[in-house]
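Everything on this sheet refers to the single structure shown next.
Residue indices begin at 1 and follow the sequence shown. Keep in mind that this is a model prediction, so the values were computed, not measured.
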Amino acid sequence: DSVTGEEELHLIERDEIARSLAFNPQRNELVLSVNSHLWLHNNKLSTIQEKWQRHSDDVLVWHEQQADWAEKQHRYFKLAYHLNSLINQDSPSGLYLRRANAFAGLEQWELAKKDLSRYQELTPGSADSRFYLALLCLAYGDLTAFHSECEAMISQYASSETPDHANALAWLLALTPERPNDLQLMIDRIEFACERAKESSDKSLALNTLGLTYYRNQRYQEALRAIQESVRLQDGMGSEPDWIVLSMIYSKLGNKKEAKNWYAQAYQSLNSAVGLGNPVSKKHSRNWISRFQLVLLLTEAQQLIKPEDS
């Protein structure tokens, strides 16, 4: 099925006989296949059930490997196909989230929404599912639904004592200029998250959100200091979200050269090194949901730069 990636037709027999033979020295086993029939010879596997279980396990490992590779390469149809097979065998919540990414990448919004709803059912109390649903609404242009999800998150997490929840709420509200009435709430939530963050990775993530929320509040010097501190905590390298927000801040401060440089660095990292093992790009650009947020901010950053400078 070209929409869902589900298997629509399975060819049982071929017009011509196809034979193949393979030997696995690590397992000391011989595999013979004729068309769709498979024979496994291994002295350690004495029963049909054991041999079939080995074959089933190997197939799942193959689907896991292929799904991981497809995800890195943003091959969303291939990713959906392999995740379908894994979900048919098991249904951990993370698989539904990954498949929702795949469907969103294919712009199959209803299927993505269905998987996110299933993910929400399997992870009650998690801020992730509602956060992702809000982003999905934003992606397919339903601002009414986006605002509804934002209000639901505010209702649930405006007083949360969990730093991750506070950070997620502040980031969602600051991600677009669409929530001007929540400016103070953004600041309150992310300052709380920054105070509670202990690990340097959590601290740098919170500082990036702090920089964006200060930017939305037109406190550009404070925003710059927050992002610079986030970069410092990442061994001076920073990350794509830092670079994009830096570009936006420098545009507002009138430094178009710095704005252009940071924009170019983020753009190149986001679009050219995802599948090549680049540690920065691989970390932040792996799935559709992450990429969507970065592209959204990158587009805003680009609009702040003069066309001849972009």
Side-chain angles (χ1 to χ4, degrees), residues 74 76 97 100-109 112-113 116 127-151 153-154 167-183 186 189-190 205-218 220 223 226-227 230 238-252 259-260 262-274 280-305 307 310:
H74 305 151
Y76 297 118
L97 179 58
N101 271 288
F103 286 144
L106 295 168
E107 298 187 359
Q108 298 293 335
W109 306 119
K113 188 174 181 180
L116 282 177
D128 290 350
S129 53
R130 195 167 294 282
F131 177 85
Y132 295 142
L133 280 169
L135 293 179
L136 196 65
C137 296
L138 200 58
Y140 62 76
D142 191 341
L143 284 179
T144 300
F146 168 71
H147 288 304
S148 177
E149 293 296 337
C150 286
E151 292 299 328
M153 274 202 70
I154 290 172
N167 190 4
L169 178 58
W171 174 262
L172 179 64
L173 298 176
L175 186 59
T176 72
E178 298 288 339
R179 305 288 301 184
N181 294 333
D182 297 321
L183 293 175
M186 298 176 201
R189 290 281 73 200
I190 194 54
L205 188 66
L207 284 165
N208 176 262
T209 306
L210 181 65
L212 182 58
T213 56
Y214 280 153
Y215 172 86
R216 295 294 180 208
N217 278 266
Q218 301 182 25
Y220 302 125
I227 299 297
S230 174
S239 60
E240 290 160 345
D242 293 315
W243 306 334
I244 296 171
V245 179
L246 278 172
S247 175
M248 295 164 66
I249 293 168
Y250 279 117
S251 287
K252 291 296 186 179
K260 175 187 172 184
W262 287 114
Y263 171 86
Q265 185 167 329
Y267 180 89
Q268 181 179 6
S269 177
L270 185 62
N271 290 285
S272 65
V274 173
V280 175
S281 183
K282 185 176 173 183
K283 177 180 178 183
H284 295 285
S285 311
R286 184 177 178 85
N287 58 51
W288 178 88
I289 287 176
S290 295
R291 285 184 64 80
F292 171 73
Q293 296 172 76
L294 295 178
V295 170
L296 196 67
L297 287 174
L298 195 66
T299 301
E300 185 177 351
Q302 193 276 334
Q303 292 170 349
L304 293 170
I305 303 172
S310 60

Query raised in the report: Is it the case that more than 12 heavy atoms not belonging to Y267 sit under 6.0 Å from its OH atom?
Result: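 No, OH of Y267 has 12 or fewer neighbouring heavy atoms, counting only those of other groups under 6.0 Å.
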
Working to the nearest 0.5 angstrom, can you tell me the gap between [X] [atom1] and [Y] [atom2]?
X: F292; Y: L296; atom1: CZ; atom2: CG; result: 5.0 Å
X: N167; Y: L172; atom1: CG; atom2: CG; result: 11.0 Å
X: Y263; Y: I244; atom1: OH; atom2: CD1; result: 9.0 Å
X: L297; Y: L270; atom1: CG; atom2: CG; result: 11.0 Å
X: S251; Y: I305; atom1: OG; atom2: CD1; result: 5.0 Å
X: L205; Y: I190; atom1: CG; atom2: CD1; result: 7.5 Å

Query raised in the report: Hey, mind stepping through I227 and L207 against side chain to side chain contact (heavy atoms under 4.5 Å, CB included) and telling me if it holds?
Result: CA-CA 6 Å; I227 299 297; L207 284 165; over 6 Å; no

Requested in this report: State, with a plain yes or no, whether a side-chain heavy atom of Q303 is found less than 4.5 Å away from one of T299.
Outcome: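 A side-chain contact exists here, since the closest heavy-atom pair is under 4.5 Å.
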
Query raised in the report: Heavy-atom distance under 4.5 Å between the side chains of L294 and P241, does that happen here?
Result: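 Heavy-atom side-chain distance check passes, below 4.5 Å.
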
Considering non-hydrogen atoms only, spot the tightest contact between [X] and [Y] and give its length.
X: A170; Y: T213; answer: O-CG2, 4.1 Å
X: A223; Y: Y215; answer: CB-N, 3.8 Å
X: I289; Y: L97; answer: CD1-CD1, 4.1 Å
X: A168; Y: F131; answer: O-CE1, 3.7 Å
X: L210; Y: A226; answer: CD2-CB, 4.0 Å
X: W288; Y: G105; answer: CD1-CA, 3.5 Å

Query raised in the report: Does the pair D142 and F146 meet the rule for a side chain to side chain contact (heavy atoms under 4.5 Å, CB included), with working shown?
Result: CA-CA 6 Å; D142 191 341; F146 168 71; over 6 Å; no

**Report entry** Electrostatic pair R216:E300 at N-O distance under 4.0 angstrom
**Finding:**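 Salt bridge present between R216 and E300.
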
Query raised in the report: Charged N to carboxylate O below 4.0 Å: is that the case for E151 and R179?
Result: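 Looking at E151 and R179, the cut-off is met.
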
Report task. Look only at the side chain of S148 and the backbone of T144, and say whether a donor-acceptor pair between them is shorter than 3.5 Å. Result ->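 Answer holds: no.
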
Query raised in the report: Are Y220 and Y214 an aromatic pair by the rule of ring centers under 6.0 Å?
Result: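 Between Y214 and Y220, which both carry aromatic rings, the centre distance is not below 6.0 Å.
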
Query raised in the report: Would N208 and L212 satisfy side chain to side chain contact (heavy atoms under 4.5 Å, CB included), going step by step from the backbone distance to the final call?
Result: CA-CA 6 Å; N208 176 262; L212 182 58; 5.6 Å; no

Report task. Take V245 and W262 through the test side chain to side chain contact (heavy atoms under 4.5 Å, CB included) and record every step on the way to the result. Result -> CA-CA 9 Å; V245 179; W262 287 114; over 6 Å; no

